[in-house]
Every structure is written in structure tokens, then in C-alpha cells.
2 protein chains.
Amino acid sequence: MVLKLEHSHQLIIDNVSRFIDLTELEKQKYISLLTEVKVKKKAFLMQAGEIARYEYFITKGCLKVYTLNEDGVPHISMFAVEDYWTGDMASFMTKEPSRYFIKATEDSELLGISRANYELLFQEIPKFERFYRILYQKSLISYIRRSNQGISLTAEERYIEFKTKYPNIVHRITQKDLAGYIGITPEFMSKIISKVNRM
Amino acid sequence: MVLKLEHSHQLIIDNVSRFIDLTELEKQKYISLLTEVKVKKKAFLMQAGEIARYEYFITKGCLKVYTLNEDGVPHISMFAVEDYWTGDMASFMTKEPSRYFIKATEDSELLGISRANYELLFQEIPKFERFYRILYQKSLISYIRRSNQGISLTAEERYIEFKTKYPNIVHRITQKDLAGYIGITPEFMSKIISKVNRM
DNA sequence: GAAAAAAAATGAAGTAGTTTAAGACTTTTA
DNA sequence: TAAAAGTCTTAAACTACTTCATTTTTTTTC
């Protein structure tokens, strides 16, 4: 018996099913461990100082994950859109206060899993160890690449790389936020963009 | 019956046992899937263009993992010493040619697991999905942090961060290699070090 | 243990990216 | 729909870092 799932649940099941196969019963069980969350544009999903109680899967919208340096300048570590996972894994795992803010840049909808349900998930459906092993492995590969590019490419090269890699994200965010991701000032971002467009 | 293991095997079993519990039989099975490798100082464990056939655990020595940019300038992505894991996970997983070199900076000894044995390991001892899930999760946390620091800190701040975080590595490597890791020229590294020492 | 090779230090001139400030344009809010 | 707030552009002066060239020091090699 295959039950019809609502859209957001279908999305997360499809995402998980890329790496592991679930029975209908396991799908129902998994979905029962998730919490639906809505965040309006400009609202915070999480703020620095809080403990990250959930890890999130985005079913709609766009969010930015960032820290503030001692001068209050934001440094954006990721933009998360539909079909992405986000959160502060360090705080989620250690239960120490987070240094990150997560703010919606569009009205967004997410599915969250709490720390308790995350542990329960591994007990009830051990295959999820495999799912997360592969998910983290793939994330690790792209973060290793990004941390290399951060030190080896110029700002202009990083911008071109971002545009090429995320053509679907680049037009959904402000130049200012993109500057915060690339690691430069909005003024210099503006110069780079007009230069690259002229080329 | 608890068998006595040789030193290198004891090290890797201790490493794995931080996250999962293994029976004596499982330990023997695991060890049987590993290959011992020795690399002399200045020798390559792996070179760009090759497919990464193994992931490695270091039992002795020190190695640097790096790429060369189009001008032939090395960018070091990690230094790996005893009790660390290393390799090129992207190439190991996709079987595409690697862009990385791994070179020993001291005479080194490693235990490697081949791609076939890595898959076999999950079939034979599914708990290893959990081990790698946790290992990758922890690595991910530190790479996320590093990729943020790469864009938000000055070279001097990154140097101080490295020295504080890896006091046991900083004196084992050359200033030139450290420059390649921090993402600056050896000349500027030299200036930073003499400045920081004067403070 | 001498010669060669590589690493480190220093300095002068150049470039990538920042800072500050001000005006134009766009989006949000009441 | 007007005012306010935020974003984008441009430019001049500044700083972090690079480049190139030379000398000194350390490490490697035979």
C-alpha cells in the first residue's frame, strides 16, 4: 500500500531515497519524527547564543546562515534553498551555544528534526546511519573544496565560481549578501560584478 | 579471548572505538581489510591525475595534502599526523582522477583501506556506517569553520589560530608549507611570524 | 664534512581589496 | 503612495598582501 504524501513530505522522502531505500512503514515513521516550521522573510530561524535544537530540510524558500565578526560584519557560510539541509551542526551535536544566525531571505518552509528524534531515528531505522554517512561525506567534499578556494582564488574568481555552481541561487539573493559569502565588502562586490558583466 | 595487537593496529582500533564498540572478531575482520603502507620523507603517497584507490589512517609520521594552481603554486589543504585520516575523498568516491598530491614530510606509516574493502566493510560490519557518519560529521564541523575563517580572518589571525589549534603540528612543518596552508606567500609568512614573535 | 640545494629574512615597488563618503535607485512600511 | 530604510554605484585614499631581487641560514646529499 503506497500512501500519497503531502508535497513537503514527498520532497524529503525523495531526498533521503537518493541514498537509501525505505519501506512505506519506515517512511511514515520517519515523517512522524519531523516538525514543520514556517519562517517569514527577515525572521530568524535561529540566533547566536541559542543552542541548535534542530537540523532542517528546506521545502520552500531561501535562508542565509551567518556569523557576525567582532565589528558586526556578517560572514555568510551558506545560502540554503529547497532540497538543502541546514542548521548549526556543531551546536546541534555538542549542545553548546551557537555562533550562527539563520535568517529567511524569503518566506520559507522547513522540516526540522530534533536532537532527541535524530538519535531515535538511528535506533529505530539504523539505515539512516548510512543516509547521514553519505550526506556528510558529500557535504565534506564540497566544504573541503570551498575552504581551498577561499585561500587560493581571488574574489573575482570566487564570484564566477559561485555564479557557475549556483545559477539558481545567485539571482535570489542581494549583492550585499553575496559579498558576505564571497568574503569581501559590498562596494568591492559591486565593482567585480560590473567588471565581469562588461567582459 | 583478547588478542594482543601490533602497535599500528592498536592505534586504529582505539580510533574507531571512540565512536563504536567492536567485538574481538570484528576487530580481526576489520584489520584483515587494511593494507600497511610506508612512505619515505619527500615521497608521494598519491599524485594528481591518479585515482585515489585508498583512504588512509596515519600511524606514524606527517604528510601534506595539496593542489597546485595554474602557476604551480601549492595550496595545502591539510597536514596529517598520527591518529588522523587522510586521502582524497572526492576521487575515492567518484573514481575520477584526483587533483591532489599527498607527500610525506617525514618518514611515515599508514593503514589504507581500498574502495572495495570500504564497501565490504559496510556489508560485513554495518556499525561502520555509524563510525563514518560520526567521523565525517566531526570533519564537516571543522571544515565549515575553516572555510569561514578563510574568508573572515586576516593571514595573521589565521596563523595564530593554527598555532593555537595545532601546537603539535606547527613545529613539525616548514614555514613555506605553513604559508601554503594559510594561503599566503612564504615571504609574507616570514614577516607575520617575526611580527607575532616580537609581540 | 664540503658542496649543493632549499628555506628563511629583508626591503622596495606593485596590486587586490578596504574604508569612507556621497548620491542614485529600489524596496519596505505605514 | 509618500516617507523611510535599505541597496547599489562611484571614487579617492588607505592597508594587507604579492612580487621580485638579494643575502643569510639551515638542511640535504654524497
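We use all heavy atoms of the structure for the numbers below, so side chains are in, but hydrogens, waters and symmetry mates are not. Naming: A, B, ... by sequence-line order, numbering from 1 per chain.
The number of heavy atoms from other shown groups lying within 6.0 Å of CG (A:Asp21) does not exceed 12.
Atoms CG (B:Asp71) and C1' (D:dC20) sit 15 Å apart, rounded to a whole Å. Computed from coordinates, the A:Ile182 CD1 to C:dA16 P distance equals 17 Å when rounded to whole Å. One can place NE2 of A:His75 at 13 Å from C1' of C:dG17, the figure rounded to the nearest angstrom. Distance B:Ile184 CD1 to D:dT19 P: 12 Å, rounded to the nearest Å.
Here the two rings, on B:Tyr181 and B:Phe162, have centers that are under 6.0 Å apart. In this structure, A:Tyr132 has its ring center at least 6.0 angstrom away from the ring center of B:Tyr136.
At D:dC17, none of the side-chain N or O atoms of B:Thr185 fall inside 4.0 Å of OP1 or OP2 (strictly under the cut-off). Considering only side-chain N and O atoms, A:Lys42 lies nowhere under 4.0 angstrom from the phosphate OP1 or OP2 of C:dT28.
Residues B:Glu26 and B:Lys29 are not paired through a salt bridge, judged by the lack of any N-O separation under 4.0 Å between the basic side chain and the carboxylate. Using a cut-off of 4.0 Å between Lys/Arg side-chain N and Asp/Glu carboxylate O, B:Glu129 and A:Arg133 are scored as salt-bridged.
Between B:Tyr118 and B:Phe122, the two ring planes are perpendicular [angle over 60°; tilted spans 30° to 60°].
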message = Quick one, A:Tyr84 with A:Phe57, criterion ring-ring contact (aromatic ring centres under 6.0 Å, His included). Give me CA distance, side-chain angles, the key distance, then yes/no.
response = CA-CA 6 Å; A:Tyr84 277 63; A:Phe57 175 80; 9.3 Å; no
Protein-nucleotides 8-11 of chain C N/O pairs under 3.5 Å:
residue	atom	partner	partner atom	Å
C:dA8	OP1	B:Gln175	N	3.0
C:dA8	OP2	B:Gln175	N	3.3
C:dA8	OP2	B:Lys176	N	2.8
C:dA9	OP2	B:Gln175	OE1	3.2
C:dA9	OP2	B:Gln175	NE2	2.7
C:dA9	OP2	B:Ser190	OG	2.9

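A heavy atom lying under 4.0 Å from DNA chain D marks none of the residues of residues 151-160 of chain A.
Defined by atom type and a distance below 3.5 Å, a donor-acceptor pair is present between the side-chain atoms of B:Glu157 and B:Thr154.
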